[in-house]
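Below is one structure, written out as structure tokens; the observations come after it.
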Amino acid sequence: MKKVRIIISGGGTGGHIYPAIAIADELKLRFPDSDILFVGAKDRMEMQKVPMAGYPIIGLWISGIQRKLTFKNLLFPIKLMNSLVRSQKILQKFDPQIAIGTGGFASGPLLKAAADKGIPTLIQEQNSHAGITNKWLSGKVNKVCVAYEGMEKYFPAKKIVFSGNPVRSNLLEIHSKKQEARIYFSLKSQKKIILVLGGSLGARSINRLVEKQLKMFKENNVEVLWQTGKLYFDQYKKYNEQGNIQVHEYLDRMDLAYAASDIIISRAGASSVSELCLVGKPVIFIPSPNVAEDHQTKNAQAISKKDAALLIAEKDLERDFEPVFLDLLQSETHQKSLGENILKLAKPRATHEIVDQIEKLMQAEKVR
């Protein structure tokens, strides 16, 4: 019997890497003896994160097109050709039964080469506004797994599977962990807990907002779990000395951070949005405006228009944050309705459904 060999490509940001790892973990559960190889972009975070998750990875010399005029864009055609040739050699040597892409420029050359070679292919799009790479690949691949409705405007309808986004398995049951979470973070049980998230690197505007609102938080008797991100921790760690503020560079136990919180303030990256749907707590989204196609705003709008979260544009924080936050804090009814509505949008079986599609493609290829 031929050993199952699977190749996965995607990266550049955590939003592309962590879904890829979640898919790989589920594949490993179903095919314990399989060989799984990742392909990413040299010098990007997947080159560290994927080996930490226990999988081998090969790096391609590829990067995205810059939105401003720069010398790097002149190198793009050369990098693309180099990566296509390298991808063909990787596929020839590894001989996978399927190739999976989770977006980001690293997945483009690999999935294109795999489709041209006749290898079954599947891509997973995390956002409500499809990325350039996945739009480019969609005409060539066999299946497109999506997390939002209405994606026919980007992809061929017959290829689309509405699966949701893969998320960490330890978030599937957080509500039983509230007491454990409060002990873990040494929180005062009678106070409301506000969780602030800006991503692993951090969000400057959100950190500035929290700093400005420290007095307001204290006056309203809330405790704040504040993840500043790697770039900003040294600047804000001094506030750990205040009794109601905990400043963290990174939260290792996100399941417990979610379990402890009563209200969550967050960016609106695709993985974060999918996790927060599962968590089922009231959320204030502050999307980053500095991302391709403004996709975070579109992600947040897809949730807020269903009365499942609140959305404040970064440019409106000065005017809107405090009244919006205080209105939510003072209304248990509003908190409850937002939590219930966002939970209805959760897709807890997303990873299973994606891997079901992968299995079907592999079986069809075997029969063919």
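- Salt bridge status for Glu149 with Lys306: present, with a side-chain N to carboxylate O gap under 4.0 Å.
- Looking at heavy atoms from C-beta onward, Pro289 lies out of side-chain contact with Thr297 at the 4.5 angstrom threshold.
- The minimum heavy-atom distance between Ile23 and Pro166, with the atom names listed, is CG1-CG, 4.0 Å.
- Among all heavy-atom pairs drawn from Ala268 and Gln296, the shortest one is N-OE1, 3.0 Å.
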Full working for side chain to side chain donor-acceptor pair (under 3.5 Å) between Glu223 and Asn244: CA-CA 5 Å; Glu223 285 193 76; Asn244 66 320; over 6 Å; no
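- A donor-acceptor pair shorter than 3.5 Å cannot be found between the side chains of Gln227 and Tyr250.
- Glu125 places no side-chain N or O within 3.5 Å of a backbone atom of Asn134 that could act as its donor or acceptor partner.
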Step-by-step side-chain contact (heavy atoms from CB on, under 4.5 Å) determination, Lys360 to Gln357: CA-CA 5 Å; Lys360 284 177 187 174; Gln357 293 297 322; 3.8 Å; yes
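- For the 3.5 Å distance criterion, the side chains of Glu314 and Ser205 qualify, holding a donor opposite an acceptor.
- Using a 4.5 Å heavy-atom threshold, the side chains of Ile303 and Leu345 count as touching.
- Residues Asp33 and Val4 are not in side-chain contact: their nearest non-hydrogen atoms beyond the backbone lie 4.5 Å or more apart.
- When atom types are taken as modelled, the side chain of Ser261 and the backbone of Ile263 share no donor-acceptor pair closer than 3.5 angstrom.
- When only modelled atom types and interatomic distance are considered, Gln335 and Lys192 share a side-chain donor-acceptor pair under 3.5 Å.
- Under the 4.5 Å side-chain heavy-atom criterion for ILVMFWY residues, a single connected hydrophobic cluster contains both Leu329 and Leu310.
- Note that the CG atom of Leu187 and the CD1 atom of Ile193 stand 4.5 Å from one another [nearest 0.5 Å].
- Judged purely by distance below 3.5 Å, without hydrogens or angles, the side chains of Asn341 and Asp307 never pair a donor atom with an acceptor atom.
- With hydrogens and angles ignored, the 3.5 Å screen pairs a side-chain donor or acceptor of Ser274 with a backbone N or O of Ala270.
- Ile98 is not connected to Leu29 by any chain of hydrophobic side-chain contacts under 4.5 Å among Ile, Leu, Val, Met, Phe, Trp and Tyr, and they are in different clusters.
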Stepwise salt bridge (Lys or Arg N to Asp or Glu O under 4.0 Å) test for Arg30 and Glu26: CA-CA 6 Å; Arg30 297 196 197 186; Glu26 177 63 23; 2.9 Å; yes
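- Within a 6.0 Å sphere centred on CD of Gln92, heavy atoms belonging to other residues, nucleotides or ligands number 12 at most.
- Just one of Leu328, Leu343, Val283, Ile284 meets the side-chain contact (heavy atoms from CB on, under 4.5 Å) condition when paired with Leu338; it is Leu328.
- Separation of atoms NZ (Lys42) and CG (Leu60) is listed at 8.5 Å; rounding is to 0.5 Å.
- Taking every heavy atom of both residues into account, Glu249 and Thr228 meet most closely at CA-OG1, 3.9 Å.
- Heavy atoms of other residues, nucleotides or ligands lying less than 6.0 angstrom from CD of Glu241 number 12 at most.
- Shown are Ile123, Ile132, Thr121, Val144; of these, the side-chain contact (heavy atoms from CB on, under 4.5 Å) with Leu137 is made only by Ile123.
- Judged by the 6.0 Å distance and 45° axis criteria, Lys347 is positioned over the aromatic ring of Phe162.
- A salt bridge is defined here as a Lys NZ or Arg NE, NH1 or NH2 lying under 4.0 Å from an Asp or Glu carboxylate O, and Asp262 with Arg182 meets this definition.
- In summary, the aromatic rings of Phe217 and Phe325 are positioned with their centroids under 6.0 Å apart.
- Enclosure of atom CZ in Arg208 is not indicated, since only 12 or fewer non-hydrogen atoms of other residues, nucleotides or ligands lie within 6.0 angstrom.
- In the model, Asn299 has a side-chain atom that pairs as donor or acceptor with a side-chain atom of Ser128 under 3.5 Å.
- The pair Lys336-Glu332 does not meet the salt-bridge criterion, since no charged nitrogen lies less than 4.0 angstrom from a carboxylate oxygen.
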Verdict with supporting geometry, Lys212 and Glu318, side-chain contact (heavy atoms from CB on, under 4.5 Å): CA-CA 10 Å; Lys212 188 178 177 187; Glu318 184 82 25; 2.3 Å; yes
Per-pair distances, 0.1 Å, donor-acceptor, side chain in residues 99-120, under 3.5 Å, sequence neighbours excluded:
| from | atom 1 | to | atom 2 | distance (Å) |
| --- | --- | --- | --- | --- |
| Thr102 | OG1 | His16 | O | 2.8 |
| Ser107 | OG | Gly104 | O | 2.9 |
| Lys112 | NZ | Asp116 | OD2 | 2.5 |

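- Taking 4.5 Å as the limit, some side-chain heavy atom of Leu197 sits within range of a side-chain heavy atom of Met254.
- A side-chain donor-acceptor contact under 3.5 Å links Lys281 to the backbone of Ala259.
- Residues Gln48 and Pro51 approach most closely at O-CD, 3.3 Å, considering heavy atoms.
- Annotation for Lys218: atom NZ does not count as buried by contact number, only 12 or fewer foreign heavy atoms lying within 6.0 Å.
- A donor-acceptor pair is defined here as one N or O able to donate and one able to accept, closer than 3.5 Å; such a pair exists between the side chain of Lys159 and the backbone of Ser138.
- The shortest distance between side-chain heavy atoms of Ile312 and Phe285 does not fall below 4.5 Å.
- For Arg204 and Tyr232, the positive end is not near the middle of the six-membered ring at less than 6.0 Å and at most 45° from its axis.
- Proximity of a side-chain donor or acceptor of Arg267 to a complementary backbone N or O of Pro287 within less than 3.5 Å is detected.
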Stepwise side-chain contact (heavy atoms from CB on, under 4.5 Å) check, Phe38 with Ile58: CA-CA 6 Å; Phe38 277 73; Ile58 295 171; over 6 Å; no
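- Looking at Val146 and Val161, their side chains never come closer than 4.5 Å, going by heavy atoms from C-beta outward.
- Contact detail for His334 and Ser337: the closest heavy-atom pair is O-OG, 3.1 Å.
- Placement of Ile264 and Leu311 in two distinct hydrophobic clusters is found when ILVMFWY residues are connected by side-chain heavy-atom separations under 4.5 Å, directly or transitively.
- Side chain of Asn220 to backbone of Met216: a donor-acceptor contact under 3.5 angstrom is found.
- Under the 3.5 Å distance criterion, the side-chain polar atoms of Arg5 are left unmatched by any main-chain donor or acceptor of Leu37.
- With Asn240 contributing its side chain and Val247 its backbone, the two residues share a donor-acceptor pair below 3.5 Å.
- Remark: aromatic rings of His129 and Tyr154 are close, center separation under 6.0 Å.
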Step-by-step side-chain contact (heavy atoms from CB on, under 4.5 Å) determination, Glu211 to Tyr236: CA-CA 8 Å; Glu211 182 179 41; Tyr236 295 108; 3.6 Å; yes
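- Taking all atoms of both residues into account, the shortest heavy-atom contact from Gly10 to Ile17 is O-CG1, 4.4 Å.
- Counting only distance, with no hydrogens or angles, the side chain of Glu173 and the backbone of His175 share a donor-acceptor pair below 3.5 Å.
- With no hydrogens or angles considered, no side-chain donor-acceptor pair links Asn165 and Gln126 at under 3.5 Å.
- Tested against Asp35 for a salt bridge (charged side-chain N to carboxylate O under 4.0 Å, His left out), the candidates Lys3, Lys28, Lys93 yield a single pass: Lys3.
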